[in-house]
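No experiment lies behind these values; they were computed from the predicted model shown. Just so it is clear, the values below take in all heavy atoms, side chains as well, and ignore hydrogens, waters and symmetry mates.
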Amino acid sequence: MFAGALVIQLPQVQTFLVGKVTENLSEKLDGEIKFEKIHLRPFTTLVLKNVAIIDKNPVTDPVDPTKETVDTFFQAGYIIARFSLEGLLDPAGIHIRKAYIADARMNLVLEDGQDTSGKGMDNLSRIFRLKKNQPKKEPSENEIFHIKNVEINNMAFALINYKTRKTPYSGGINWNDLDVKDIDITAEDLHFKAGIMSGHAERVSFREKSGYRIESISGNARVGRGKTIIENLKLKDPWSRLDLPEFMMSYENVKAFKDFISKVRLDGDIADSRIDFKTITYFAPQLEGNRLKAGISGHFSGYVDNFDVIGLKIASDAGGFTGTINGSMKGLPEIEKTTIDAKIDKFNMTAEGLGLFLSEWMKDGELDLSRYAKGHTFMVTAKASGPMNSLDVNADIYSLIGRADADIRLENMTDSGNPIRISGTAETDDLDIGKFISSELIGPVTLRTGLKAEIGKTKSAKIDSLFIDRLNLNN
C-alpha cells in the first residue's frame with residue numbers, strides 16, 4: 001500500500017491514469033477533454049493545469065458563415081481542490097476545504113434545431129448529450145458535497161447566438177454576443193443537498209464588453225428546483241446601488257435563461273437604494289441621454305417584459321420630486337413598444353423640482369421653473385396609461401395656493417431625437433396665479449384651458465382656448 005501511494009504520486013503515472021479516464025469520457029461525449037498536467041497529492045490536493053473541453057462538431061452562424069466557429073466549450077488555466085481523507089470518506093457527503101479556479105472561460109453557443117423534448121439546442125446540451133425528456137428523479141435528501149471556500153479568479157463567460165433568429169440589437173448589452181470578463185468570485189459554505197445548491201457569496205465582480213460592470217455583488221443564495229432565492233442581496237455598479245433583503249427568480253428549468261426577459265419571473269423587495277438611468281441604458285439603450293437619478297424602495301413582481309411595482313417610493317436626487325407609484329409596465333426592453341398603467345399617490349413636488357425632473361429626461365437643454373411658486377409644495381395624485389412615448393396622464397394637484405386638474409398627453413419622453421410635447425386641458429379652482437408667478441397684480445383664478453407645449457433645446461407654449469369663470473385682480 002505504501003509503495004502504491006508512492007507510485008501514484010509520480011507525474012507520469014498520474015497523467016497516464018487520468019488520460020485513460022478522460023479518453024473514456026470523451027468517447028461518450030460530443031466533445032474531447034484535454035489537459036496539460038495533473039498533480040495529485042494523496043488525500044490533500046488535486047491540481048489540473050490547462051484543462052479544456054473541445055467541441056467535436058462546432059456550428060457556424062447561419063446568418064454570417066464568415067464568423068469563426070467556437071470549438072472550445074470550457075477551458076481553465078488551473079483547477080485546484082484541497083481536501084482531507086476524512087472529508088472524502090465522510091458518509092454525509094464529500095467535504096472539500098477549498099476549490100480554486102483561475103483563468104477559465106466558458107462559451108455557451110445557442111444553436112438552431114431542437115432537442116428531443118422540443119426545446120432549443122445549445123452546445124452544452126449537445127456536447128454532454130443531455131436528454132430533457134427523461135422523467136425527473138426526486139433528488140437525494142443526502143448532502144452530495146460541501147465546499148468550505150470557493151475562489152474564482154479572472155474567469156470569462158460568452159453567450160453567442162448562432163441561431164437564425166436573433167434578438168434585435170440597438171445598443172447597450174448585445175444579447176447575441178454577450179462577453180463577460182474579469183469575473184472574480186469569493187464564496188463560502190457551498191452546499192449541494194436535496195437538489196439545492198446554497199452558499200454565501202462574499203463578493204462577485206465582472207465587466208461586460210458594452211462597458212457595463214459590476215463592482216460587487218454579495219448575498220446568501222439558494223439555487224435549485226426551479227428557483228433562485230437570494231437574501232440580503234447587495235449590488236453596486238459605478239452608477240447605482242441596490243439593496244434587496246429578498247430576491248427570487250422562478251423558472252421552469254435553466255433553459256429559461258436563454259429567454260430571460262419573458263421566461264424568468266422576478267420577485268423582490270427593494271430597501272433604501274439608488275438608481276441612475278446610466279445603469280438602465282445598458283439594458284434599455286433607447287433611454288440613452290436620460291440623466292435621472294433617484295432613491296427608490298418598494299416591491300416588484302413579474303417578468304422583465306411584464307412586471308408590477310407595488311408601493312414603489314421614488315425621490316429624485318435633484319430634489320422637489322417625491323412620491324409613491326403602483327402599477328405595471330409591459331414591453332421592455334423595446335421602449336418604443338413599452339406601455340404603462342400606473343397610479344401615483346401623494347407625490348410631493350415643487351415647480352423647481354418638476355423642471356429638474358423633466359430636464360433629466362431631456363437629452364439637451366434645461367427647463368428652469370425655479371421662479372414659479374417659490375416656497376410652495378404641490379401634492380399630486382395621478383393616473384398614467386399608454387405607451388411611454390404617448391402617455392396619457394390625469395392629475396389632481398393640491399396646494400395652499402389653490403387646486404388644479406390636468407388631463408394631458410406626454411409625447412417623446414423616450415425619443416431623444418424630438419422635443420417633449422405636452423398637450424391637453426387644465427382646470428384651476430381658486431388657484432392664486434399671483435403667488436404662482438410672483439406677481440401682486442393677480443389673485444385666485446378659476447379657469448379652463450387647452451394647451452400645447454414643447455420642451456427641448458427651445459421651449460414653446462400655445463393656449464388653444466381659455467375660459468375664465470372667476471378672476472380676482474388686486475388693487
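- Between Asn232 and Asn220 the shortest side-chain heavy-atom distance falls below 4.5 Å.
- To the nearest 0.5 Å, atom CE of residue Met197 and atom CZ of residue Arg225 are 14.0 Å apart.
- For the pair Asp122 and Lys163, the salt-bridge criterion is not met [side-chain N within less than 4.0 Å of a carboxylate O].
- Counting heavy atoms from C-beta on, the side chains of Asn123 and Leu108 come closer than 4.5 Å.
- For Thr425, the side chain to side chain contact (heavy atoms under 4.5 Å, CB included) partners at least two apart in sequence or on another chain are Asp407.
- Of the inter-residue distances, the one linking Trp239 atom CH2 with Thr281 atom OG1 reads 8.0 Å to the nearest 0.5 angstrom.
- Residue pairs satisfying the ring-ring contact (aromatic ring centres under 6.0 Å, His included) criterion with at least one member in residues 155-183, sequence neighbours excluded, are absent.
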Q: Step by step, work out the side-chain contact (heavy atoms from CB on, under 4.5 Å) result for Leu332 and Ile261.
A: CA-CA 8 Å; Leu332 287 175; Ile261 290 172; over 6 Å; no

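- Minimum interatomic distance between Gly172 and Pro285 (heavy atoms only, all atoms of both residues): N-CB, 3.9 Å.
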Q. Under the side-chain contact (heavy atoms from CB on, under 4.5 Å) criterion, do Ile196 and Val223 qualify, and how do the steps go?
A. CA-CA 5 Å; Ile196 296 175; Val223 182; over 6 Å; no

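- Within the 4.5 Å cutoff, side-chain heavy atoms of Val63 are placed close to those of Lys166.
- Here CD of Glu411 is found 10.5 Å from CD1 of Ile422. Values are rounded to the nearest 0.5 Å.
- Closest heavy-atom contact between Asp267 and Ser301: OD1-OG, 2.5 Å.
- Expressed to the nearest 0.5 Å, how far CD1 of Ile325 lies from CD1 of Ile310 amounts to 13.5 Å.
- Side-chain contact between Asp269 and Leu244 is absent, with no heavy atoms from C-beta onward closer than 4.5 Å.
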Q: Take Thr228 and Tyr251 through the test side-chain contact (heavy atoms from CB on, under 4.5 Å) and record every step on the way to the result.
A: CA-CA 9 Å; Thr228 294; Tyr251 38 88; 2.7 Å; yes

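- For the ring pair (Phe, Tyr, Trp, His ring centres under 6.0 Å) test, residues two or more places apart in sequence or in another chain that qualify with Phe277 are Trp361.
- For Ser399 against Thr377, the heavy-atom pair with the smallest separation is CB-O, 3.5 Å.
- Contact check for Ser423 versus Lys452: side-chain heavy atoms found under the 4.5 Å cut-off.
- Pairs passing the ring-ring contact (aromatic ring centres under 6.0 Å, His included) check and including a residue from residues 370-411, sequence neighbours excluded, read Tyr372-Phe436.
- Partners of Glu215 according to the side-chain hydrogen bond (donor to acceptor under 3.5 Å, both in side chains) rule, which considers only residues two or more places apart in sequence or in another chain, are Lys236.
- For the pair Ile173 and Leu178, the minimum side-chain heavy-atom distance is below 4.5 Å.
- Under the rule for a side-chain hydrogen bond (donor to acceptor under 3.5 Å, both in side chains), the partners of Tyr212 that lie at least two apart in sequence or sit in another chain are Asp237.
- Pairs of residues two or more places apart, or lying in two chains, that qualify as salt bridge (charged side-chain N to carboxylate O under 4.0 Å, His left out) and include a residue from residues 384-397 are Asp392-Arg409.
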Pair up each side-chain donor or acceptor in residues 342-358 with any protein partner under 3.5 Å, not counting sequence neighbours, and list the distances.
{"residue": "Thr350", "atom": "OG1", "partner": "Gly353", "partner atom": "N", "Å": "2.9"}

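- No donor-acceptor distance shorter than 3.5 angstrom exists from the side chain of Asn176 to the backbone of Asn161, with no hydrogens or angles considered.
- With hydrogens and angles ignored, the 3.5 Å screen pairs no side-chain donor or acceptor of Arg265 with any backbone N or O of Met248.
- Among residues at least two apart or in separate chains, salt bridge (charged side-chain N to carboxylate O under 4.0 Å, His left out) pairs with a member in residues 300-322 are Arg274-Asp317.
- For the pair Leu266 and Phe247, the minimum side-chain heavy-atom distance is below 4.5 Å.
- Remark: Glu208 engages Ser210 in a side-chain hydrogen bond (donor to acceptor under 3.5 Å, both in side chains) (not counting sequence neighbours).
- Judged purely by atom type and a 3.5 angstrom limit, Asn154 has no side-chain atom pairing as donor or acceptor with the backbone of Ile183.
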Q | Criterion side-chain hydrogen bond (donor to acceptor under 3.5 Å, both in side chains) on Ser370 and Asp368, from CA distance to verdict | A | CA-CA 6 Å; Ser370 60; Asp368 184 4; 2.6 Å; yes

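- Side-chain contact between Asp55 and Arg126 is present, with heavy atoms from C-beta onward closer than 4.5 Å.
- Taking 4.0 Å as the cut-off between side-chain N and carboxylate O, Glu151 and Lys98 count as a salt-bridged pair.
- For Gly331 against Thr338, the heavy-atom pair with the smallest separation is C-OG1, 3.4 Å.
- For His191, the side chain to side chain contact (heavy atoms under 4.5 Å, CB included) partners are Glu143, His146, Asp189, Ser198, not counting sequence neighbours.
- Residues Arg105 and Ala158 approach most closely at NH2-CB, 3.3 Å, considering heavy atoms.
- A donor-acceptor pair under 3.5 Å is absent between the side-chain atoms of Ser205 and the main chain of Ser216, judged by distance alone.
- Environment of NZ in Lys209: crowded, with over 12 heavy atoms of neighbouring residues, nucleotides or ligands closer than 6.0 Å.
- For Lys374, there are no side-chain hydrogen bond (donor to acceptor under 3.5 Å, both in side chains) partners at least two apart in sequence or on another chain.
- Note that CD1 of Ile442 is 6.0 Å distant from CD1 of Ile437, once rounded to the nearest 0.5 Å.
- With hydrogens and angles disregarded, a donor-acceptor distance shorter than 3.5 Å links the side chain of Asp112 to the backbone of Thr164.
- Taking CD1 of Ile270 as the start and CD1 of Ile275 as the end, the distance is 8.5 Å to the nearest 0.5 Å.
- Shown here for Thr428 and Thr446, the closest heavy-atom pair between the two residues is O-CG2, 3.2 Å.
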Q: Please report the C-alpha distance between Arg213 and Phe206 in whole Å, then the side-chain angles of each, then the deciding distance to 0.1 Å, and finally whether the side-chain contact (heavy atoms from CB on, under 4.5 Å) criterion is met.
A: CA-CA 6 Å; Arg213 62 186 187 274; Phe206 58 83; over 6 Å; no

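- Side-chain N/O atoms of Ser240 and Asp276 include no donor and acceptor closer than 3.5 Å.
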